Amino acid sequence: MATKNDSETQIDSNLLIARSLKAAGVEYMFGVVGIPVTSVANRAVQVGIRFIAFHNEQSAGYAASAYGYLSGKPGILLTVSGPGCVHGLAGLSNAAINTWPMVMISGSCDQKDVGKGDFQELDQIEAVKPFVKFSVKVTDISEIPNSIFNVVHHALLGRAGGCYFDVPSDVLHQTISESVAEKLLEEAGKLKNDVIESGGFEEIEKAVDLLKHAERPLVVFGKGAAFGRAENELKCLIEKTGIPFLPTPMGKGLLPDTHELGATAARSLAIGRCDVALVVGARLNWLLHFGESPKWSKDVKFILVDISKDEIELRKPYLGLVGDAKFVLNKLNKAIKDDPFCLGKSHPWVEAISKKAKENVSKMEVQLAKDVVPFNFFTPMRIIRDAILGQGSPAPILVSEGANTMDVGRAVLVQTEPRTRLDAGTWGTMGVGLGYCIAAAVASPDRLVVAVEGDSGFGFSAMEVETLVRYKLPVVVIVFNNGGVYGGDRRNPEEITGPHKDDPAPTSFVPGAAYHTVMEAFGGKGYLVGTPEELKSALDESFTARKPAVINVTIDPYAGAESGRMQHKN
């Protein structure tokens, strides 16, 4: 229990939480302050943690989840009790599904008033349960350091994910002596990270043998490999063996999209005909068609590399290698070095992939070469692609959100460096855009951040442009404005009936919405563009300035189509 010794300096729980977080390696927090956690944020700033204050816990949570992915450290979200906690579940669930490390910290009502209908009362431990690996509710100030270290530890343990720390308001008012606090912090700091067991030598040899004797091998990698910083090991594997590779959308950039062995532009051929697929840090879920026919050959042999033994047991691959992507790939590379093989450019499989990819790229480039005004999706996307590539290295971080905007962007925009693409992810989450932008700017301050968003996606979190201005973040938000979800009113005449037929269509927004003026309202720079020259000028000016900007790109409302689950036609 909390004790008081008048001869010693006392510290309260707010400061002890802040010190515990700092001691656990936390550098940034995201959140929305209010009763009872405002002092937690102030104390965090006092001890050297940068606090990024948002307008909405949902966006703050998305920022915390993306920060965890980009930095490799748990993103910390701070919320008030009750509704604040519920709003924060958006980010916490996003972290859980994408397997990114994150910790949500929420205040809660006085322990003595639980069950009485207290202010913002909620059983928050129960509420977070579907989305966390580990949760803890402290009942006394003395439990804070160990509990903080535990949630940070568990967020990174094994497969990364979300954790939750609950602190009742009465605990926040408790105090403890400096000497006792130091002892508690020292004890908590002894918590060690567990080592994940990795695939044995025999399994590694079997994997190498499968790849070596395959007629049509393929390497598939995803954001798990990106999170594991496995780009150098992947590059070594691909270039030593000559095996074509296919990244998932957020795996793009681990090897440059322009690499000669890249199979993205020949995706259907690659997954449809490969006979052995080494899948690294990517789950065989909807993004990879569950690893099932007819998209994949019914005879394909999967070698699945995943840090989670449960994931491998769920998917039942031909061979499973449990372990960190970087570590397992290093083992594979060493085994290949002892028994080298390389397909070579003239290998029939490599030639087939290369030929198909070049054909599809050529078709795309014909479409992209046209300057279509009023804008379709392709013309402005080409101009944006060229402007981003013109930035060189360090490459900007791209945040991609929307329906047609994200679909077309995935095919057109080029990733050349690791962890430079953030999108709707495994859960297909809309509303992540501005939160992700802020996380990217904080995690990678040397990089420009460019968001390419549909007008619907932008609308979820548009008020956070004020946050960009307040913290002077180098973020340029490009809004593809086509007047609604998928592009305004697409209904057939027979659908426009009934007593409310004169209402706008469920997919429609106000035509010609001046989104750029939202940024201008807070002192940022806004641009309205509708021609190639106007867009090029806005991109050049805003990229050079590296200050908060919104570029409102007028798109033909009849361009594009309804979009959802990814459609791959190459």
Side-chain angles (χ1 to χ4, degrees), residues 65-66 68-73 94-102 133 155-161 196-199 203-204 207 211 217-238 241 243-257 259 261-264 267 270-271 274 276-291 296 302-315 317-333 415 417-427:
S65 67
Y69 167 68
L70 292 170
S71 71
K73 300 177 180 179
N94 193 60
I97 300 301
N98 285 293
T99 71
W100 296 342
M102 174 181 163
K133 302 169 61 183
L156 285 166
L157 182 62
R159 171 178 276 179
I196 301 297
E197 294 294 325
S198 188
E203 292 168 319
I204 294 291
L211 291 170
L218 180 69
V219 176
V220 180
F221 51 83
K223 63 180 179 292
F227 178 73
R229 272 58 182 172
E231 53 267 23
N232 291 335
E233 289 74 17
L234 273 169
K235 184 175 187 289
C236 178
L237 176 73
I238 297 297
T241 63
I243 297 175
F245 67 88
L246 177 71
T248 65
M250 280 182 59
K252 284 161 63 73
L254 283 175
L255 272 73
D257 287 346
H259 196 287
L261 289 168
T264 298
R267 187 180 192 275
I271 68 173
C274 71
V276 174
L278 173 65
V279 182
V280 184
R283 287 167 283 176
L284 294 176
N285 54 23
W286 68 277
L287 284 161
L288 290 173
H289 313 289
F290 311 107
W296 294 84
F302 286 107
I303 305 167
L304 191 55
V305 178
D306 201 286
I307 201 163
S308 169
K309 186 178 180 182
D310 290 344
E311 179 68 24
I312 287 173
E313 289 176 350
L314 170 68
R315 304 299 175 183
Y318 186 85
L319 179 63
L321 300 175
V322 179
D324 171 75
K326 187 182 185 78
F327 186 76
V328 173
L329 285 169
N330 193 37
K331 279 191 168 186
L332 285 170
N333 284 329
Q415 275 15 90
E417 295 179 11
R419 293 168 295 282
T420 55
R421 178 185 171 86
L422 294 168
D423 61 24
T426 306
W427 225 11

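Remember, it's a predicted structure, so these values are computed and weren't measured experimentally.
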Within the supplied structure, the quantity of interest is the number of heavy atoms (other residues, nucleotides, ligands) at a distance under 6.0 Å from K326 NZ; does it exceed 12?
yes
If you compare all heavy atoms of P244 against all heavy atoms of P217, which two are closest, and at what distance to 0.1 Å?
CD-O, 3.7 Å
Shortest non-hydrogen contact from C274 to A277?
SG-CB, 4.1 Å
Do L422 and L70 have side chains that approach each other closer than 4.5 Å (heavy atoms only, starting at C-beta)?
yes
Rounded distance (nearest 0.5 Å) linking atom CH2 of W427 with atom CG of N94
7.5 Å
Nearest 0.5 angstrom please: D324 CG to K331 NZ, how far?
11.5 Å
Given side chains that start at C-beta, do those of L284 and F302 come closer than 4.5 Å, heavy atoms only?
yes
How about L288 and R283: do any of their side-chain heavy atoms sit closer than 4.5 Å?
no
Do the non-hydrogen side-chain atoms of L254 and E417 ever get within less than 4.5 Å of each other?
no
Is a donor on one side and an acceptor on the other found under 3.5 Å between the side chain of W100 and the backbone of F227?
no
To the nearest 0.5 Å, what is the distance between CG (L278) and CD1 (I243)?
7.5 Å
N/O donor-acceptor pair under 3.5 Å between W286 side chain and T426 backbone:
yes
Within the structure provided, determine whether I303 and L211 are in side-chain contact (heavy-atom separation under 4.5 Å).
yes
For the atom pair CG (L218) and CZ (F245), what is the distance rounded to the nearest 0.5 Å?
10.0 Å
E233 vs L332 side-chain heavy atoms within contact, under 4.5 Å
no
A325 and A225 have their tightest heavy-atom pair at CB-CA, 4.1 Å
Considering residues at least two apart in sequence or located in another chain, which fulfil the salt bridge (Lys or Arg N to Asp or Glu O under 4.0 Å) criterion with K235?
E239
Within the distance-only criterion (no hydrogens, no angle test), does the side chain of K133 pair as donor or acceptor with the backbone N or O of G158 below 3.5 angstrom?
no
Got V280 and L321 here, is their nearest side-chain heavy-atom distance under 4.5 Å?
no
If every non-hydrogen atom of D423 is compared with every non-hydrogen atom of G425, which pair is closest and at what distance?
OD1-N, 2.9 Å
Shortest non-hydrogen separation from T248 to G222 and the atoms involved:
OG1-CA, 3.1 Å
Check: F221 and V305 side chains under 4.5 Å, non-hydrogen atoms:
no
For R159, which of D310, T99, D306 qualifies under side chain to side chain donor-acceptor pair (under 3.5 Å)?
D306
Apply the test side-chain contact (heavy atoms from CB on, under 4.5 Å) to residues L246 and V219: give CA-CA distance (whole Å), side-chain angles for both, the deciding distance (0.1 Å), then the verdict.
CA-CA 6 Å; L246 177 71; V219 176; over 6 Å; no
Quick one: does any side-chain atom of E203 pair with a main-chain N or O of L319 as donor and acceptor, under 3.5 Å?
no
Short question: side chain of N333, backbone of L329 - any donor-acceptor pair under 3.5 Å?
yes
Interatomic distance, CE@M250 vs OH@Y69, rounded to 0.5 Å, equals 4.0 Å
